[in-house]
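Right, one structure below, let's go through it.
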There are 2 protein chains.
Amino acid sequence: MQNSFTEENYLKIIHSLSGREGVEVSTNALAESTSTRAASVTDMLRKLAEKGLIHYKKYQGVRLTDSGEKVAIKVIRKHRLWEVFLVEKLGFGWDEVHDIAEELEHIPSEILVEKLDTFLGHPRFDPHGDPIPDAKGNLTEPDYTILTDIQVGEKVLMMGVLDHAPSFLQHLDRSGITLGAVIEVKEINEYDKSASVQINGGQTLFISLEVSKNLLVQRR
Amino acid sequence: MQNSFTEENYLKIIHSLSGREGVEVSTNALAESTSTRAASVTDMLRKLAEKGLIHYKKYQGVRLTDSGEKVAIKVIRKHRLWEVFLVEKLGFGWDEVHDIAEELEHIPSEILVEKLDTFLGHPRFDPHGDPIPDAKGNLTEPDYTILTDIQVGEKVLMMGVLDHAPSFLQHLDRSGITLGAVIEVKEINEYDKSASVQINGGQTLFISLEVSKNLLVQRR
DNA sequence: TAAAAAATTTAGACTAACCTAAAAATATAT
DNA sequence: ATATATTTTTAGGTTAGTCTAAATTTTTTA
């Protein structure tokens, strides 16, 4: 039995909100993320539970079943592959692709996804540094560190972002902070935790705590 | 105001059923093509008329308005561009792409279509030989001739198909009849109008009237 | 630990797109 | 030209996904 566009979205959002440990997701959190009302979420949760896609006990929050997890990961795989296509092949900016990929991710056709994956050369990461699950549904989260956890003097590689908002990504573009950039933390301001960082051994710039909190980096 | 997936489909089908002269399309024909019941079609026609997308008088059949025509042509442009993508870039066969393109054609984003068009090198025809409308909505039908109108002794170029059914296309594949092939009509059987044709100056084969009726060719 | 606040669910409605059955309009045939 | 057949529309209903308002459960606070 096929899942609807809307059902797929709920599963994807439950996946992302429940994090790596598969923690319970609240009705209100889902209402917020789906831009609907809590009452609508409750209706949908009952349906998803009946289909065996989520574990759901009234008032207790919700968690994906193995079968729900599978569906969610397939959607995420499609989303991220399409994002690669849009950026690498069509020349979109990383700040422009999210909404279009939200639509493309629901196109149903296993063969399409696999041919797209091959066409793109089996990319491991999407344009925001998020890992792309493989065809079997294996999704291995890289051990990224948030920039706020990096000490003064350390040199790290910029590997991803937590916030995918266009305005944030555009801000990074203007600062010259791209995936793969080398970031050296020169100084941290005790008062507001803003940082002074050097990009690729060149330009030094100040970044606010808000920005640091959303940058995923890797020690080398 | 945005049109729904379903509305776009009705407009596209009205376009194709009303042919080049913009003839009236009947409710029953639409019910057939949309795989719904006539009563459902009537509901949708009332809605499309209210939106100014069709001319509709009860019991009189239906015709696209200029604004409906614009929407239909945009959908057709997207459908055909995606088909080119699926065949040229992803390696699908021309018999495999229709259903997937039916989904992709409804992805909303003007920029996406234009970037896709550029990526594909502004193709003029889709994998079945159908012309692709340009960004301004100009759709010029080439002057194809149906193979049944070709006389014995004439040499023509295979340029398109009327029937897009996978089984028909696969039959052509097995016969070596591809777009661009040179077809020379060697003989026409008076009794059943089947023909004997030579492909690319090589193999000679017999094709039934049913096949001839669905082959679009061009005199040179 | 009882009262207040917050979160969640239930009840009842709405819209889009579909359905069946019956009525009305148009077309065909005698 | 009237009777019959066909086509189309109307009437009333269904499902998915949403809503608001009210009721219920859980959590927090005093």
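Order of the sequence lines fixes the chain letters, A, B, ..., with proteins taken first and strands second; residue numbering starts at 1 for each chain. No hydrogens, no waters, no symmetry mates; every other heavy atom, side chains included, goes into these values.
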Rounded distance in Å - [atom1] ([X]) to [atom2] ([N]):
X       : N      : atom1 : atom2 : value
B:Lys57 : D:dT8  : NZ    : P     : 16 Å
B:Phe5  : C:dC18 : CZ    : C1'   : 15 Å
B:Leu48 : C:dA16 : CG    : C1'   : 12 Å
A:Leu45 : D:dT18 : CG    : P     : 11 Å
A:Glu7  : D:dT15 : CD    : C1'   : 12 Å
B:Arg46 : D:dT8  : CZ    : C1'   : 12 Å
B:Met44 : C:dC19 : CE    : P     : 11 Å

Worksheet item: Is NZ or CZ of A:Lys89 both nearer than 6.0 Å to the six-membered ring centre of B:Phe85 and within 45° of the ring axis?
Response: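 The answer is no; the distance or angle limit is not met.
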
OP1 or OP2 of [N] less than 4.0 angstrom from a side-chain nitrogen or oxygen of [X], does that happen here?
X       : N     : result
A:Ser26 : C:dA7 : no
B:Asn28 : D:dT8 : yes
B:Thr27 : D:dT9 : yes
B:Tyr56 : D:dT9 : yes

Worksheet item: Do other residues, nucleotides or ligands put more than 12 heavy atoms under 6.0 Å from the NZ atom of B:Lys74?
Response: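 Counting neighbours around NZ of B:Lys74, 12 or fewer heavy atoms of other residues, nucleotides or ligands fall under 6.0 Å, so no.
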
Worksheet item: Should the heavy atoms of other residues, nucleotides or ligands under 6.0 Å from CD of B:Glu32 be counted, would the total exceed 12?
Response: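 For B:Glu32, atom CD is not crowded (no more than 12 foreign heavy atoms under 6.0 Å).
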
Worksheet entry | Spacing of A:Asp126 atom CG and A:Glu83 atom CD [to the nearest 0.5 Å] |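 A:Asp126 atom CG to A:Glu83 atom CD measures 5.0 Å (nearest 0.5 Å).
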
Discussion item. Quick check for you: to the nearest 0.5 Å, what is the distance between A:Glu154 atom CD and A:Leu147 atom CG?
Written reply: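 Answer for the CD-CG pair, A:Glu154 versus A:Leu147, is 9.5 Å.
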
Worksheet item: Which ones in residues 34-43 of chain B lie close to DNA chain D, meaning a heavy atom under 4.0 Å from one of its atoms?
Response: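 Only B:Ala38, B:Ala39, B:Thr42 qualify.
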
Worksheet item: Is B:Tyr10 touching bases, backbone alone, or none of the nucleic acid, heavy atoms closer than 4.0 Å?
Response: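 Since only primed, P, OP1 and OP2 atoms lie under 4.0 Å of B:Tyr10, the category is sugar-phosphate.
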
Worksheet item: Taking C-beta and beyond as the side chain, do B:Leu116 and B:Lys78 meet within less than 4.5 Å on heavy atoms?
Response: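 A side-chain contact under 4.5 Å is absent here.
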
Which protein N or O atoms sit under 3.5 Å from an N or O of nucleotides 22-26 of chain D?
from: D:dT25; atom 1: O4'; to: A:Tyr59; atom 2: OH; distance (Å): 3.4

Worksheet item: A:Glu7 and side chain to side chain donor-acceptor pair (under 3.5 Å): which partner among A:Lys51, A:Lys12, A:Gln2?
Response: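 Filter result, single survivor: A:Lys51.
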
Discussion item. Applying ring-ring contact (aromatic ring centres under 6.0 Å, His included) to A:His79 and A:His98, what does each step give before you reach the verdict?
Written reply: CA-CA 8 Å; A:His79 182 101; A:His98 189 266; 5.0 Å; yes

Worksheet entry | For A:Phe5, all residues meeting ring-ring contact (aromatic ring centres under 6.0 Å, His included), sequence neighbours excluded |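 ring-ring contact (aromatic ring centres under 6.0 Å, His included) check on A:Phe5 returns A:His106.
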
